[in-house]
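Below: the structure, in structure tokens.
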Amino acid sequence: MKNIKSILSVLLSVVFVSCSSTKVPVPEYISDCHEYYDEGIYLSAVGEGKTLEEARIAAAVEISRYIQTEIDSNVKIEMSYKESDGKIDLNESSSTVNSSKSNFIFTGLEYSEVYKPKKTYYVAAYIEKAKAYNQVNVETKILMNEFLELYSAAEKEDPLSAVSDFSKAKQFTPALIEKINILTAIDSGRAAEEYADCTKKISLLETKKNESLKKSAVQIQKINEDYENIIYSQ
């Protein structure tokens, strides 16, 4: 009987040691978050840190880095329009987009369960692309409306006034282009549909401004009986 008890004790010890030494498998939402959270529907990224809060912040930052990488790596089509005899000719050329770096962090992120194999916390952050797009789109629409208001006003004004409004409109283009690039990285089809007309006007802006500048040149005629050129000089 004592021998049986001894054998059972040894077996239990072996089982306990075996179980305690078994490594917990890395969950898929950490090892491959883009597969776990369908890339067609979600933006996602994994972060790590010494605390849960650090891991969550790192994951949020990684999503922004992912967006920036998409912007920097995508090859866009640069469009230039030339107007001749009332017709617009379109020339396309491929080039890498160099955009300003964005520190934009999405709000309303959701987080996975924590994976903590040792002393490091791992967590995945994710958000639906539609929600992320809508967040950026709010500010983009405001910028676009301000740009288009000045652009449209300039097209109806005299050349000298048009130069001023085209210049004011140009001030909105860096921030506007950056936001459109972010939207394109999230959902290229929707961004193209919503901002095609706006991006066309951005590409035409400098040409329109230069045309107005040429038309706004002032010509001064000599005035009869202005013998000492007093009026002419004024």
Side-chain angles (χ1 to χ4, degrees), residues 11-77 94 96-144 175-196 199:
L11 288 173
L12 287 171
S13 298
V14 171
V15 170
F16 177 77
V17 171
S18 176
C19 290
S20 63
S21 62
T22 302
K23 291 184 179 179
V24 178
V26 180
E28 190 180 359
Y29 57 78
I30 298 297
S31 63
D32 193 356
C33 68
H34 298 307
E35 179 70 24
Y36 187 85
Y37 301 104
D38 187 345
E39 278 192 289
I41 301 173
Y42 295 96
L43 295 172
S44 63
V46 173
E48 63 178 88
K50 294 179 180 179
T51 66
L52 175 57
E53 186 62 22
E54 280 185 11
R56 286 184 169 184
I57 291 171
V61 171
E62 281 302 313
I63 290 180
S64 290
R65 284 180 182 167
Y66 170 78
I67 291 294
Q68 189 64 55
T69 301
E70 287 292 299
I71 293 170
D72 291 342
S73 63
N74 283 347
V75 176
K76 305 290 184 181
I77 299 296
S94 297
T96 301
V97 173
N98 294 316
S99 64
S100 57
K101 300 299 179 184
S102 174
N103 295 318
F104 183 85
I105 299 292
F106 296 103
T107 60
L109 290 174
E110 296 185 70
Y111 297 93
S112 69
E113 292 182 11
V114 179
Y115 172 64
K116 186 173 178 287
K118 291 184 180 180
K119 294 182 179 180
T120 304
Y121 290 82
Y122 295 88
V123 68
Y126 60 96
I127 184 172
E128 288 184 18
K129 284 188 173 183
K131 289 182 180 178
Y133 187 100
N134 289 337
Q135 282 184 33
V136 183
N137 205 24
V138 171
E139 188 175 349
T140 312
K141 288 287 188 185
I142 293 172
L143 290 169
M144 182 183 71
L176 180 54
I177 290 171
E178 181 183 2
K179 296 297 182 187
I180 293 174
N181 281 342
I182 293 174
L183 293 176
T184 302
I186 298 171
D187 188 335
S188 58
R190 183 177 170 185
E193 184 179 343
E194 289 191 57
Y195 292 94
T199 53

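Counting begins at 1 with the first residue of the sequence. The figures that follow rest on heavy atoms only: side chains count, while hydrogens, waters and symmetry mates do not. Nothing here was measured: the structure is a model prediction, and the numbers come from that model.
Here CG of Leu143 is found 11.0 Å from CD1 of Ile177. Values are rounded to the nearest 0.5 Å. Put simply, CG on Leu176 and CD on Glu139 are 10.0 Å apart, with the number rounded to the nearest 0.5 Å. Rounded to the nearest 0.5 Å, atoms CE (Met144) and CD1 (Ile180) are 8.0 Å apart.
For the pair Ala124 and Ile30, the tightest heavy-atom approach, listed with the atom from each and the gap, is N-CD1, 3.9 Å. For the residue pair Ala132 and Leu43, the shortest heavy atom distance occurs at CB-CD1, 3.8 Å.
Side chains of Ile41 and Lys129 form no contact here, defined as non-hydrogen atoms less than 4.5 Å apart. Annotation: side chain of Pro117 is in contact with side chain of Tyr122 (closest heavy-atom distance under 4.5 Å). Side chains of Ile71 and Ile182 form a contact here, defined as non-hydrogen atoms less than 4.5 Å apart.
Listed by first and then second residue, the ring-ring contact (aromatic ring centres under 6.0 Å, His included) pairs that reach into residues 43-66 are His34-Tyr66, sequence neighbours excluded. Under the salt bridge (charged side-chain N to carboxylate O under 4.0 Å, His left out) criterion, the residue pairs touching residues 36-65 are Glu62-Arg65, with sequence neighbours excluded. Under the salt bridge (charged side-chain N to carboxylate O under 4.0 Å, His left out) criterion, the residue pairs touching residues 180-195 are Lys141-Glu194, Arg190-Glu194, with sequence neighbours excluded.
Considering only residues two or more places apart in sequence or on other chains, Ala191 meets the side-chain contact (heavy atoms from CB on, under 4.5 Å) condition with Tyr133, Leu183, Thr184. Judged as a side-chain contact (heavy atoms from CB on, under 4.5 Å), and not counting sequence neighbours, the contacts of Tyr121 are Leu52, Ala55, Val114, Lys116. Applying the side-chain hydrogen bond (donor to acceptor under 3.5 Å, both in side chains) criterion to Tyr195, with sequence neighbours excluded, gives Asn137. Leu109 pairs by the side-chain contact (heavy atoms from CB on, under 4.5 Å) definition with Ala60, Ile63, Phe106, Tyr111, Ala125, Ile127, not counting sequence neighbours.
No donor-acceptor pair closer than 3.5 Å links the side chain of Asp32 to the backbone N or O of Glu28.
By the 30° and 60° cut-offs, the orientation of the rings of Tyr37 relative to Tyr126 is parallel.
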